[in-house]
Amino acid sequence: MRFTLALATTATLALTSVTLAPTAANAHTHNGGPTAVGFGGAVSTVDATATAVGLDVLRRGGNAVDAAVAAAATLGVTEPFSAGIGGGGFFVYYDAERGTVSTIDGRESGPATMTEDIFIDPADGKPYDFQEARVSGLSVGTPGTLATWEAAARKWGTRSLSSLLLPAARVADNGFTVDATFHQQIADNAAAFGQFDSTRELYLPGGAPPAVGAVQRNPDLADTYRLIAKRGTGVFYHGSVGADVVRTVQHPPVADDPTGTWAYPIRPGGLTRSDLAGYQVRYPAPTRSGYRGLTVYGMSTPSSGGTAVGEALNILEKTDLSKVSTTQALHQYAESTALTFADRNRYVGAYTPQPVLDKLISDSWATQRACQIDPGHALTKPVPPGDITATGCTPARVGGPVEQGQSTTNLTVADRWGNIVEYTLTIEQTGGNAMVVPGRGFLLNNEMTDFNFAPTQGTAPDPNLPGPDKRPRSSMSPTIVLKNDKPFLALGSPGGATIITTVLQVLINRIDLGMTLPEAMAAPRASQRNTAGIQAEPAFHQQYGPGLTALGHTFSADVPELGAATAIEFTRHGGLIATAEPARRGGGSAAVVRPRR
Ligand code: GLU
């Protein structure tokens with residue numbers, strides 16, 4: 001959402017301290033646009049209202065964690081198809097005073113009754129179609145987002161969770177302006193949303209998506225946030241809101257007279273109140289790897305983001321990308337991610353033993369994998385995963401397919417004390433499982449479809465099959481990079497499995513290919529996830545396609561856009577370059593506490 005659309009909203013919010021107007025001198029680096037430069041703290045999200053709320057918290061003396069939670073709660077209102085308390089995510093925190101990086105795993109967890117064959121149709125023994133699994137109760141895991149906010153606020157914040165939910169409740173009450181992205185996300189989901197009374201009431205008023213420019217309100221969500229603010233998260237995990245979540249999963253609120261047709265039966269799921277009562281966030285140690293003298297911290301399992309970004313960087317480190325042609329650098333990039341995805345699909349899931357993760361992110365493993373790359377010719381895809389029991393250039397094993405997604409949202413926050421939050425949160429697909437919890441105003445996740453529906457690894461074990469209380473593998477890659485033990489860069493993105501390649505591409509654009517951070521974010525993207533063809537944005541395909549094709553790469557059909565990243569770079573003397581997307585997903589919104597004049 002663009003900042004101009006939020007002007008009315010922020011006015012109704014009475015966030016009087018938020019600087020909205022660009023200064024003439026800084027026309028494209030102003031607060032609320034895709035890039036903001038300055039000092040004293042920064043916020044970058046996909047949405048201007050969420051950024052304004054986060055900035056306001058910083059300006060009133062809150063720290064990065066406070067601002068991140070308040071901004072995330074606002075995204076639950078203004079980006080409800082990507083994130084909210086019906087979902088989960090991964091929160092990475094850099095503590096400036098201690099110089100440490102910590103993480104919260106707030107991933108949704110499978111119900112206790114979940115079986116490995118949950119997504120196999122008993123009628124024919126075949127996996128359900130993706131949409132059949134998604135728009136059902138089967139796809140819903142115990143939401144972890146609210147528990148994440150509470151844990152973060154308690155451990156590292158300076159404000160109560162209650163106070164951080166209230167600005168978002170006001171946005172939900174007062175409404176915000178529908179932009180083209182919001183409108184389109186509903187239009188794309190109209191058939192699924194139209195099946196449920198609660199969802200169509202909120203998002204298909206009069207049977208159609210709200211018009212661009214209309215004001216969208218969500219009084220039920222405002223009430224839910226206020227109830228949680230008053231009574232605590234127990235009302236969700238042990239109380240009436242949780243009971244409504246469970247009822248929705250077990251008895252989907254299917255309309256008697258659905259709007260539009262849906263090709264599949266809508267199946268109930270097995271989530272129970274005791275699943276909610278038993279939910280706990282985890283605090284895994286971050287992944288850590290070196291890259292050209294920098295230290296890269298990321299998210300460990302159940303996300304594959306940290307190990308995958310680390311493995312690919314380790315492979316890329318074998319070549320000085322700044323000294324080769326751009327085509328060669330992109331060739332190395334595509335080969336490194338193909339190899340990495342083969343390994344990730346084979347080895348990484350919720351229960352991967354630590355020694356295996358350590359091996360995958362080690363320099364010696366990168367040597368065993370990088371030796372496969374021929375600078376003069378692309379490997380035939382899919383490449384097989386490496387054999388982690390082997391030494392030397394890795395012998396082949398059997399390959400497997402890859403998944404992708406397109407929802408989710410990311411935010412980056414820094415405060416005046418130097419603390420940083422990098423947070424990716426999601427309800428999985430855009431629109432989650434399409435069910436708004438009646439009377440509560442939020443959509444449920446379909447995160448369980450991040451499990452593989454059936455084994456993908458031939459005769460080898462698949463690390464990402466469904467299981468009781470298990471968390472599905474993610475690709476979310478909230479990443480914090482230090483240089484000489486001081487913050488250098490924090491970034492993340494949505495985009496399903498393309499998250500990993502988007503984060504990598506921004507990193508190498510910035511670190512190796514001589515781009516500034518705003519250039520690195522804006523540059524056209526491509527993603528090679530060990531499939532026959534590279535998936536690329538049209539501008540990337542046009543610009544680099546001929547060179548890469550000459551090296552033997554092929555391209556699959558272009559996609560309009562990959563990712564919707566946010567990032568902050570930390571420059572000398574406390575300077576901050578906060579960046580969001582200039583164009584993707586309608587453009588994001590970055591802001592700093594004290595803009596550079
Ligand atoms: N559910 C996906 C994951 O955890 C993210 C979905 C998306 O970004 O579209 O990797």
Side-chain angles (χ1 to χ4, degrees), residues 45-46 72 75 79-84 86-92 103-110 119 130-131 133-134 139-145 148 181 185 188-189 284 298-309 337 340-341 344-345 348-350 402-411 422-434 443-453 463-464 466 470-479 491-504 525 527 529 535 559-566 581 584-585 588:
T45 81
V46 73
L75 289 169
E79 292 282 317
F81 313 119
S82 297
F90 297 102
F91 192 103
V92 179
T103 78
I104 301 176
D105 160 16
R107 184 70 159 169
E108 300 90 331
S109 150
F119 294 120
F130 182 80
Q131 289 296 337
R134 173 203 165 198
S139 65
V140 183
T142 307
T145 291
T148 303
T181 305
Q185 288 176 330
D188 292 345
N189 271 293
M299 195 65 222
S300 192
T301 52
S303 187
S304 60
T307 48
V309 168
T337 56
T340 295
F341 268 90
R344 169 242 199 218
N345 290 348
V348 185
V402 295
E403 84 287 2
Q404 63 185 88
Q406 49 187 300
S407 176
T408 311
T409 194
N410 189 78
L411 58 99
E422 189 60 49
Y423 183 26
T424 317
L425 63 164
T426 187
I427 56 174
E428 215 299 285
Q429 289 290 292
T430 306
N433 87 334
L443 282 156
L444 290 176
N445 71 81
N446 67 295
E447 215 70 53
M448 300 301 101
T449 62
D450 271 2
F451 282 119
N452 292 333
F453 290 13
N464 190 37
K470 190 176 175 184
R471 300 179 185 201
R473 178 175 63 209
S474 171
S475 301
M476 291 188 267
S477 308
T479 303
L491 76 164
S493 177
T498 70
I499 292 170
I500 290 166
T501 52
T502 290
V503 166
L504 276 164
R525 293 185 187 140
S527 182
R529 303 188 304 284
Q535 196 180 40
V559 287
E561 56 184 48
L562 290 166
T566 68
E581 297 285 356
R584 295 180 185 94
R585 231 189 249 190

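We count ligands from 1, going down the list as the structure has it; atoms in each ligand are counted the same way.
The only member of D105, T142, T301 that meets side-chain hydrogen bond (donor to acceptor under 3.5 Å, both in side chains) when paired with R471 is D105. No option in E428, E108, Q131 other than E428 meets the side-chain contact (heavy atoms from CB on, under 4.5 Å) test with N446. Just one residue in the list Q429, R107, R473 forms a side-chain hydrogen bond (donor to acceptor under 3.5 Å, both in side chains) with D450, and that residue is R107.
Below 4.0 Å from some heavy atom of S475 lie the following atoms of ligand 1, by number and element: 3 (C), 4 (O), 10 (O). Against a heavy-atom cut-off of under 4.0 Å, T408 is close to the following atoms of ligand 1: 5 (C), 6 (C), 7 (C), 8 (O), 9 (O). Those atoms of ligand 1 with a heavy atom of M476 less than 4.0 angstrom away are 4 (O), 10 (O). Residue E447 approaches ligand 1 through these ligand atoms, each under 4.0 Å from one of its heavy atoms: 1 (N), 2 (C), 4 (O).
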Between S527 and T498, is a side-chain hydrogen bond (donor to acceptor under 3.5 Å, both in side chains) present by the stated rule, with each step listed?
CA-CA 6 Å; S527 182; T498 70; 5.5 Å; no
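No donor-acceptor contact under 3.5 angstrom links the side chains of T409 and S82, judged on distance only. With 3.5 Å as the limit, one finds no donor-acceptor pair spanning the side chains of S493 and T502. Side chains of T566 and N410: a donor-acceptor N/O pair is present below 3.5 angstrom, by distance only. A donor-acceptor contact under 3.5 angstrom links the side chains of S304 and R344, judged on distance only.
Residue contacts with ligand 1 leave out Q429, since none of its heavy atoms falls under 4.0 Å from the ligand.
Relative to atom 1 (N) of ligand 1, the option among I500, I427, D450 with the closest non-hydrogen atom is D450.
Of the polar atoms of G495, at least one N or O is found under 3.5 Å from an N or O of ligand 1, judged by distance alone. Taking only nitrogen or oxygen atoms, main chain and side chain alike, G496 reaches within less than 3.5 Å of ligand 1. Between S474 and ligand 1, an N or O atom pair is found at a separation short of 3.5 Å.
For I499, every heavy-atom contact with ligand 1 shorter than 4.0 Å involves the side chain, none the backbone. Neither the backbone nor the side chain of R471 has any atom closer than 4.0 Å to an atom of ligand 1 (non-hydrogen atoms only).
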